[in-house]
*Asks:* 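First, the structure itself, so that you have it in front of you.
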Number of protein chains: 2
Amino acid sequence: MQVKIDRGAGIAVWRQIAEWLKAEIAQGTFVTGAKLPTESDIAARFQVNRHTVRRAIAALTGEGLLRADQGRGTFVASTPMNYPIGARTRFSEIVSGQDKTPSGRMIGTGVEDADALIAGQLQMQVGAPLLRIETLRVVDGTPVLVGTSWFEQARFPGLVAAYAETGSFTEALRLCGVEDYSRRETRVSAELVDSQDIALLEIAAGQPVLIVESVNVDPQDRPVQYTRTRMAADRIQLVVES
Amino acid sequence: MQVKIDRGAGIAVWRQIAEWLKAEIAQGTFVTGAKLPTESDIAARFQVNRHTVRRAIAALTGEGLLRADQGRGTFVASTPMNYPIGARTRFSEIVSGQDKTPSGRMIGTGVEDADALIAGQLQMQVGAPLLRIETLRVVDGTPVLVGTSWFEQARFPGLVAAYAETGSFTEALRLCGVEDYSRRETRVSAELVDSQDIALLEIAAGQPVLIVESVNVDPQDRPVQYTRTRMAADRIQLVVES
DNA sequence: GGTAATTTGTTCGTATGTATC
DNA sequence: TGATACATACGAACAAATTAC
């Protein structure tokens with residue numbers, strides 16, 4: 001691709017090279033795991049010093065896009081996974097559809113009283129008992145999201161056991177009499193990762209996470225599940241089709 | 001609302017109070033600008049020491065949700081604004097629909113050559129000239145998002161002038177012959193705010209921003225506009241209906 | 001298995017452009 | 001205008017890790 005470096009144009013040379021690299025990766029020239037040209041080759045290609053290339057690579061390493069191994073080379077660390085959001089958002093289907101291997105495990109359950117926020121979302125009484133299930137979702141061995149889901153306990157007494165057995169909310173809810181469900185509303189925000197999720201998601205303190213809150217409803221449009229998901233922002237990209 | 005404090009349950013009391021406050025604000029009990037009960041009243045309500053309440057308020061102040069003024073009281077600083085995402089996403093319509101006052105200003109324009117990423121999104125040749133327009137959008141006096149939009153220059157030579165005059169992409173594109181447009185795809189991720197946007201969005205370094213990338217298409221489904229928006233994560237919440 | 005070649009990492013120094021007071 | 005600080009860019013040499021032969 002023909003890209004020239006604009007000197008004295010108000011944009012630092014190292015930044016222009018970083019942008020070029022980013023565009024090449026986004027365009028698919030370098031896929032996840034691919035080895036980049038050596039620093040010297042890139043420097044020769046743009047007729048700049050190797051330090052300048054190193055600065056560009058350092059910037060993208062900081063973003064988690066590249067990984068440089070001494071003696072081996074520089075590699076594309078992670079093209080963020082696309083995560084479409086729609087009425088039929090199902091983690092395992094999304095991941096399998098992108099030639100990746102999904103897995104997950106339940107990391108905790110509990111019973112608690114509904115606060116105003118969750119009671120409103122699930123259309124139940126404040127203070128009524130709730131089931132809480134926390135799950136960690138992993139793609140190709142890398143943790144990508146942690147989800148906390150709440151259900152009305154009175155309606156799904158056997159849900160925790162069913163989920164523990166099947167490992168799938170879709171299956172567990174079917175065993176509890178919910179034939180199908182769909183996503184009604186999704187709210188997206190961003191926060192800094194908290195200390196618990198640092199360990200679970202294996203990301204550094206001070207990095208951002210996407211917060212996705214959603215409500216699933218049964219075919220009668222009755223709320224079934226309220227979920228708050230924290231996603232490693234450097235490993236996932238939400239896609240909203242419209 | 002009946003909420004009890006669970007002592008010795010692994011969750012610090014101050015955190016439980018902070019969560020309660022957050023839920024009340026999210027639920028709408030306290031709207032933006034509302035004065036909270038005094039620290040003493042909250043302390044009495046939960047039968048905890050005032051220091052415990054202060055710790056909860058300090059945590060939410062750090063998140064930018066509350067603002068405590070000595071001698072006056074504690075106030076809700078910012079209920080995050082809802083920002084629906086769909087085919088007809090228009091900033092001013094969204095803001096006006098929530099009883100808030102939108103404004104904005106153009107903070108820069110330029111001409112640059114299309115890199116691989118943007119050329120692909122706009123279906124044009126790499127290296128062809130692009131118009132770039134940067135805008136700052138403000139709600140009730142508070143900056144909420146910065147957007148950078150790119151257009152094919154050959155197709156819309158008079159766009160910058162039209163936008164400067166009308167202050168609206170919808171109007172400016174109409175003057176350039178695009179009767180209507182709709183949003184085709186929206187990609188959402190999160191990053192840490194960069195040094196430029198710190199000043200524009202008036203947020204602290206190290207805070208997260210939502211990155212929203214979108215493509216607008218004309219009625220013939222031809223790409224017209226590619227936009228990359230950075231939103232202050234503590235002031236906005238994306239809502240995806242499905 | 002040993003050695004040379006390759007590639008990234010580190011540390012000097014020098015020069016220039018830019019922003020601020 | 002000058003002084004100062006800081007970021008940017010280049011150059012040379014060497015260290016450390018990995019790979020290839």
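Below, chain A is the first sequence line, B the second, and so on; all start at residue 1.
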*Asks:* Taking the side chain of Arg55(A) as heavy atoms from C-beta outward, which of dG9(C), dA9(D), dT8(D) is closest to it?
*Replies:*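 The answer is dT8(D), which lies nearest to the side chain.
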*Asks:* Heavy atoms from C-beta onward define the side chain here; which of dT8(D), dC10(D), dT18(D) lies closest to that of Ala12(A)?
*Replies:*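 Given the options dT8(D), dC10(D), dT18(D), the side chain of Ala12(A) is closest to dT8(D).
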*Asks:* Anything under 30° is parallel, anything over 60° is perpendicular, the rest tilted; go ahead and classify Phe156(B) against Phe151(B).
*Replies:*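 The rings of Phe156(B) and Phe151(B) stand perpendicular, inter-plane angle above 60°.
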*Asks:* Mind calculating the distance between NZ (Lys35(A)) and C1' (dT19(D)) to the nearest angstrom?
*Replies:*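 Lys35(A) atom NZ is separated from dT19(D) atom C1' by 10 Å.
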*Asks:* Do Arg90(B) and Phe169(B) meet the cation-pi criteria used here (NZ or CZ under 6.0 Å from the six-membered ring centre, within 45° of the axis)?
*Replies:*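 The answer is no; the distance or angle limit is not met.
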*Asks:* Write down the distance between CD (Glu39(A)) and P (dG11(D)), rounded to a whole number of angstrom.
*Replies:*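 Spelled out: CD on Glu39(A) to P on dG11(D) is 16 Å.
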*Asks:* Distance check needed: dA16(D) C1' versus Arg72(A) CZ, whole Å only.
*Replies:*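 Value for this atom pair: 15 Å.
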*Asks:* More 5' along DNA chain C: Thr74(A) or His51(A), using each one's nearest nucleotide?
*Replies:*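 Counting from the 5' end, the first nearest nucleotide belongs to Thr74(A).
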*Asks:* Whole angstrom is fine here: how far is it from CD in Gln70(A) over to P in dT8(C)?
*Replies:*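 Rounded to whole Å, this separation is 10 Å.
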*Asks:* Out of dG9(C), dT7(C), dT19(D), which has the shortest distance to the side chain of Ala68(A)?
*Replies:*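 Minimum distance to the Ala68(A) side chain belongs to dG9(C).
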*Asks:* Please report, rounded to the nearest Å, how far the C1' atom of dT7(C) is from the CG atom of Asp69(A).
*Replies:*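 Asp69(A) atom CG is separated from dT7(C) atom C1' by 11 Å.
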*Asks:* Could you check whether Arg54(A) gets within reach of a base, just the sugar-phosphate, or nothing at all, counting any heavy atom under 4.0 Å?
*Replies:*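 Answer is base: heavy atoms of Arg54(A) come under 4.0 Å of a base.
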*Asks:* Counting only pairs under 3.5 Å, give me each side-chain donor-acceptor contact of residues 50-59 of chain A, with atom names and distances, residues two or more places apart or in other chains.
*Replies:*
{"from": "Arg50(A)", "atom 1": "NH1", "to": "Glu39(A)", "atom 2": "OE1", "distance (Å)": "2.4"}
{"from": "Arg54(A)", "atom 1": "NH1", "to": "Glu39(A)", "atom 2": "OE1", "distance (Å)": "3.4"}
{"from": "Arg54(A)", "atom 1": "NH1", "to": "Glu39(A)", "atom 2": "OE2", "distance (Å)": "2.9"}

*Asks:* Between Arg50(A) and dC10(D), is there a contact of a side-chain N or O with OP1 or OP2 at under 4.0 Å?
*Replies:*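 Answer is no, no contact under 4.0 Å.
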*Asks:* Donor-acceptor check, side chain of Asp197(A) to backbone of Leu201(A), threshold 3.5 angstrom: yes or no?
*Replies:*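 Between the backbone of Leu201(A) and the side chain of Asp197(A) there is no qualifying donor-acceptor contact (under 3.5 Å).
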*Asks:* Atom CH2 of Trp14(A) and atom C1' of dG17(C): how far apart are they, to the nearest Å?
*Replies:*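 Nearest whole value for this atom pair: 16 Å.
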*Asks:* Students often mix this up, so state it plainly: with edges at 30° and 60°, are the rings of Trp20(A) and Phe46(A) parallel, tilted or perpendicular?
*Replies:*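 Because their plane-to-plane angle is over 60°, the rings of Trp20(A) and Phe46(A) count as perpendicular.
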*Asks:* For the pair made of CZ in Arg67(A) and P in dA17(D), what is the distance, rounded to whole Å?
*Replies:*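 Rounded to whole Å, this separation is 17 Å.
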*Asks:* Which whole-number value in Å describes the distance from Asn49(A) CG to dG11(D) C1'?
*Replies:*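 The answer, rounded to whole Å, is 6 Å.
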